[in-house]
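Shown next, in structure tokens, is the structure this report addresses.
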Amino acid sequence: MSGTVLVLNSGSSSLKYQLLQPDTGVSLAHGIVERIGEAASTATLTSGNEEIRRDGGIADHEAALRTAFDLFAEAGQHLDDLGLVAVGHRVVHGGQDLYRPTIVDDALIVKLTELAPLAPLHNPPAVLGIEVARRALPDVPHVAVFDTAFFHDLPAASATYAIDRDLASRWHIRRYGFHGTSHQYVSQQAAQFLETPIESLNQIVLHLGNGASASAIAGGRPVDTSMGLTPMEGLVMGTRSGDVDPGVLVYLWRTAGLGVEEIEAMLNRRSGMYGLSGEIDFRVVHQRIESGDEAAQLAYDVYIHRLRKYIGAYLAIMGHTDVVTFTAGVGENDARVRRDALTALAPLGIELDEHLNESPARGARRISADKSPTTVLVIPTNEELAIARACLTVI
Ligand code: AMP
């Protein structure tokens with residue numbers, strides 16, 4: 001047995017954790033601390049059928065990790081007895097040079113801190129999480145696994161913005177892509193499901209969660225992805241805008257008098273489904289549409305329109321696709337989104353089986369019609385398992 005890996009995903013006010021065995025894929029326990037620093041902070045941990053919860057009193061990330069350890073112990077998962085071989089940290093942005101899973105040392109912390117301007121909302125809390133965890137678990141290797149890794153070798157035609165070349169080069173401006181761990185994992189799972197070598201498949205992967213991204217993958221290598229320099233480009237997301245004309249930002253700055261921070265907060269936190277309808281949860285969006293809510297309808301229509309546009313673009317880039325796979329919270333659970341994303345695409349070789357699409361089945365499954373030249377799959381993503389396995393490649 002290759003031991004146990006603790007995977008941490010540290011956000012500005014949340015800490016997600018999971019303890020798993022990378023060789024078997026078994027998850028021993030997972031949980032999340034939310035609203036760190038607020039009176040209403042909560043921590044939950046699920047182990048088997050048991051869920052444990054703590055409310056309040058979690059002042060900072062240090063306390064959040066301590067609470068997680070307490071909850072593990074309460075659930076009978078004592079880190080000391082579990083053969084912990086590594087702590088894997090999800091790091092959103094690795095910039096130009098960092099992409100391979102990397103053992104954390106002081107020099108890496110410095111580099112990650114320097115990358116903060118590229119991912120101001122994501123990298124600083126990740127660094128904080130790494131520092132806290134290193135203090136708490138000094139005797140195991142800590143490994144940074146980058147969300148950008150899978151897209152490091154995007155073809156230049158896809159990675160390059162058509163802006164001033166010198167400026168772009170000086171400031172390392174390129175399309176980096178994110179959710180790479182998920183796109184890679186899901187595309188590998190799709191090949192396994194189809195019992196076909198990944199080298200012979202063209203794939204479109206649609207990672208639709210609160211964050212959302214699409215990728216085109218030919219022969220196991222990404223040829224395009226929807227996120228760019230930051231995780232803001234591309235699809236409509238829970239609270240992020242996805243694609244907007246850069247002219248909008250200049251206009252807001254020059255004419256509406258908004259500052260950089262306000263524009264950034266607007267694009268990241270008050271846009272997307274939330275900006276258009278005040279709601280990010282698709283279950284509620286559907287209910288509101290059914291009761292005649294026009295804002296919810298418009299948000300949904302914009303979301304689907306953008307998604308279809310990317311599917312069409314990726315079909316054109318690759319010439320054809322063998323498989324389209326839906327994953328993440330919306331992609332795995334929302335049959336209506338899947339149906340509306342792919343409706344009337346039979347002339348392009350994509351046909352859903354309505355019954356299979358609407359089946360409440362979980363796990364990896366095919367939802368395309370038998371006669372559909374393109375297979376459509378739903379595959380649950382498992383970024384934590386992919387991170388844990390990535391750790392084993394370097395320790
Ligand atoms: P993620 O970021 O992958 O955890 O996805 C979270 C999002 O998935 C939520 O905000 C919901 O919009 C969506 N979601 C989760 N469960 C369902 C469901 N049963 N039906 C529709 N959407 C869901």
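Just follow the structure's listing: the first ligand is 1, and inside any ligand the first atom is 1.
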Quiz item: Among side-chain atoms of Glu383 and Thr181, is any donor-acceptor pair under 3.5 angstrom?
Solution: no
Quiz item: Backbone N or O of Leu137 within a donor-acceptor pair of the His142 side chain at under 3.5 Å?
Solution: yes
Quiz item: Are Arg366 and Asp353 ion-paired here, with the side-chain N under 4.0 Å from a carboxylate O?
Solution: no
Quiz item: Are any of the N or O atoms of Phe282 closer than 3.5 Å to those of ligand 1?
Solution: yes
Self-check item: Sub-4.0 Å atoms of ligand 1 with respect to non-hydrogen atoms of Gly209
Solution: 1 (P), 2 (O), 3 (O), 5 (O)
Self-check item: Closest candidate by heavy atom, reference atom 11 (C) of ligand 1, pool Asn210, Asp281, Thr327
Solution: Asp281
Quiz prompt | Contacting atoms of ligand 1, where contact means under 4.0 angstrom from a heavy atom of Val330 | solution = 8 (O), 12 (O), 13 (C)
Self-check item: Test item: protein heavy atom less than 4.0 Å from atom 4 (O) of ligand 1
Solution: no
Quiz item: Considering distance alone, does some N or O of Leu208 sit under 3.5 Å from an N or O of ligand 1?
Solution: no
Practice problem: Tell me which protein heavy atom sits closest to atom 20 (N) of ligand 1, plus the residue, atom name and distance to 0.1 Å. | Solution: Arg283 CG, 3.4 Å
Quiz item: Relative to the ring of His286, is the ring of Tyr300 parallel (under 30°), tilted (30 to 60°) or perpendicular (over 60°)?
Solution: perpendicular
Quiz prompt | Heavy atom of the protein closest to atom 19 (N) of ligand 1 (residue, atom name, distance) | solution = Asn333 CB, 3.4 Å
Self-check item: Intermediate values then yes/no, salt bridge (charged side-chain N to carboxylate O under 4.0 Å, His left out), Arg134 and Asp106
Solution: CA-CA 10 Å; Arg134 277 178 94 202; Asp106 293 343; 3.1 Å; yes
Quiz item: What is the distance from atom CD1 of Ile32 to atom OH of Tyr17, rounded to the nearest 0.5 Å?
Solution: 8.0 Å
Quiz item: With no hydrogens and no angle check, do the side chains of Arg339 and Asn357 hold a donor and an acceptor under 3.5 Å apart?
Solution: no
Self-check item: Ala328-ligand 1 polar pair, N/O distance under 3.5 Å
Solution: no
Quiz item: Who's the nearest protein heavy-atom neighbour of atom 23 (C) of ligand 1, and how far?
Solution: Gly329 O, 3.8 Å
Quiz item: Is it true that the side chains of His207 and Thr381 contain a donor and an acceptor less than 3.5 Å apart?
Solution: no
Practice problem: Number the atoms of ligand 1 from 1 as they appear, then name those within less than 4.0 Å of a heavy atom of Ile280, with their elements. | Solution: 10 (O), 12 (O)
